[in-house]
Amino acid sequence: MKFQYVPVLIAFGLGGLVAAVFVAAGMFLGPRRPSPVKEAAFECGNPPSGPAWGRFSVKFYLTAILFIVFDVEVVFMYPWAVLFRPLGVFGLVEMSVFVLVLTVGLVYVWRKGALEWD
Amino acid sequence: MPVTTAVFYLLAAVTLGSACGVAFGTNILYSAFALMGTFLGVAAIFVLLGADFLGVIQLFVYVGGILVLTLFAVMLTHRIDVQVSNRAVGRLPGLVVVGVVATWMIRVARAARWTEGQPGPPAATTAGIGDAFLGTYVLPFEVASVVLLAALIGAIVVSRKEVKG
């Protein structure tokens, strides 16, 4: 097992190195001619409007937590998928109960209108 | 020093360094970003220990989910526009809490019996985890779905105004 994931480590290391080299090259080699426009925060090419640290709408939070809940649900499905055949009907029933409970949540969320953005 | 040990200490340094960044940062947004280093370090240690499934899940759920959630939660609050947003709560209470927890953890670590793992090709861990979830620990597994349901309903109740219809 020791060296099985060394390629992953090397890939991470190389990725970090490339990023560091590019940033450093820009810092040392690039000319520096600052102007007020260049100093401004970049906002998709438009003149920036409002502070960069504005408050977010709570809708983002709600969307994120919905994502996590169903993300975790899928995570629990992986081990079941691996053992699908040996577990047979018993596993299917167990997983159905699990999914059913979360489906209740999904229906609740849907009925409350939390899936609508407005 | 064997390579594995060196890698472990490297990962431990990344994890603890990022954790220090979280704890000592004065800007709460940077603290939240430093948390990413901690999560990544823990995921890498899982992989190093041969728990590849757990490592990937750590990456998926914590780095991909919980961290984003934390950032949103930070951005929701209106206190972030002050310069020092991550204010200290005082050194003495902090020292007391850290001291108690550290003493307890060291005692547990010393009391535990440490055994050396068998070197060799790693077995796939996913099947073992599935066996535990759907066999031995089936009740906690089903309760987990109720916990998730509670999180879902709680988020709706806290964040959403009632809509008609």
Side-chain angles (χ1 to χ4, degrees), chain A residues 1-6 8-9 12-13 51-84 86-87 90-95 97-106 108-109 111-114 116 118, chain B residues 2-4 7 29 44 47-50 52-53 55-57 60-61 64-66 68-69 71-78 80-81 119-122 124 126-135 138 141-142 144-146 148-160 162-165:
Chain A
M1 94 122 268
K2 264 184 192 167
F3 300 108
Q4 194 186 9
Y5 290 103
V6 168
V8 179
L9 211 60
F12 273 123
W53 283 28
R55 288 177 68 182
F56 272 47
S57 166
V58 75
K59 292 169 195 164
F60 288 100
Y61 182 81
L62 197 55
T63 309
I65 206 160
L66 287 179
F67 166 73
I68 289 183
V69 166
F70 293 110
D71 197 30
V72 172
E73 181 188 0
V74 171
V75 161
F76 279 119
M77 281 184 180
Y78 275 103
W80 173 57
V82 172
L83 291 175
F84 183 70
L87 282 171
F90 182 61
L92 187 66
V93 170
E94 278 177 308
M95 208 62 213
V97 172
F98 185 82
V99 171
L100 195 73
V101 172
L102 281 168
T103 310
V104 171
L106 181 64
Y108 176 80
V109 166
R111 292 285 294 277
K112 282 281 173 186
E116 313 285 329
D118 300 314
Chain B
V3 183
T4 318
V7 171
L29 208 55
V47 171
L48 186 73
L49 292 173
D52 43 7
F53 183 73
V56 171
I57 298 311
F60 268 30
V61 174
I66 304 282
V68 174
L69 199 67
L71 281 173
F72 280 146
V74 167
M75 300 294 265
L76 283 174
T77 59
H78 55 274
I80 53 169
D81 47 16
T126 318
I129 290 172
D131 221 24
F133 269 153
L134 298 166
V138 64
F141 171 70
E142 300 294 354
S145 72
V146 179
L148 288 175
L149 183 68
L152 208 58
I153 294 174
I156 303 276
V157 168
V158 166
S159 71
R160 196 155 176 93
E162 194 75 32
V163 286
K164 291 176 269 315

[X] side, atom [atom1]; [Y] side, atom [atom2] - distance, nearest 0.5 Å:
X	Y	atom1	atom2	value
Glu94(A)	Leu134(B)	CD	CG	5.0 Å
Ile153(B)	Lys112(A)	CD1	NZ	9.5 Å
Leu66(A)	Ile156(B)	CG	CD1	5.5 Å

Report yes if the side chains of Phe133(B) and Met95(A) come closer than 4.5 Å at any heavy-atom pair, otherwise no.
no

Using a 4.5 Å cut-off on heavy atoms from C-beta on, say whether the side chain of Ser145(B) contacts that of Phe76(A).
no

Using heavy-atom distances under 4.5 Å, tell me whether [X] contacts chain A through its side chain, its backbone, both, or neither.
X	result
Phe141(B)	both
Val7(B)	side chain
Ile57(B)	side chain
Leu71(B)	neither

Is Tyr78(A) atom OH crowded by more than 12 heavy atoms from other residues, nucleotides or ligands, each under 6.0 Å away?
no

Can you list the steps and then say if Tyr61(A) with Phe72(B) is a ring pair (Phe, Tyr, Trp, His ring centres under 6.0 Å)?
CA-CA 6 Å; Tyr61(A) 182 81; Phe72(B) 280 146; 7.8 Å; no

So which of Leu69(B), Thr126(B), Ile66(B) has the biggest tally of heavy-atom pairs under 4.5 Å with chain A?
Leu69(B)

When heavy-atom pairs shorter than 4.5 Å are enumerated against chain A, which of Ala127(B), Gly64(B), Ala44(B) gives the highest number?
Ala127(B)

Which region of [X], side chain (C-beta onward) or backbone (N, CA, C, O), has a non-hydrogen atom less than 4.5 Å from a non-hydrogen atom of chain B, or is it both or neither?
X	value
Phe12(A)	neither
Ile65(A)	both
Phe67(A)	side chain
Tyr108(A)	side chain

Closest non-hydrogen atoms of Pro79(A) and Gly130(B), given as atom of the first, atom of the second and distance, are CB-CA, 3.2 Å

Give the member of Phe60(A), Phe70(A), Phe90(A), Trp80(A) that has the highest number of heavy-atom pairs under 4.5 Å with chain B.
Phe60(A)

Test side chain to side chain contact (heavy atoms under 4.5 Å, CB included) applied to Leu149(B) and Val69(A), Leu106(A), Val101(A), the passing residue
Val101(A)

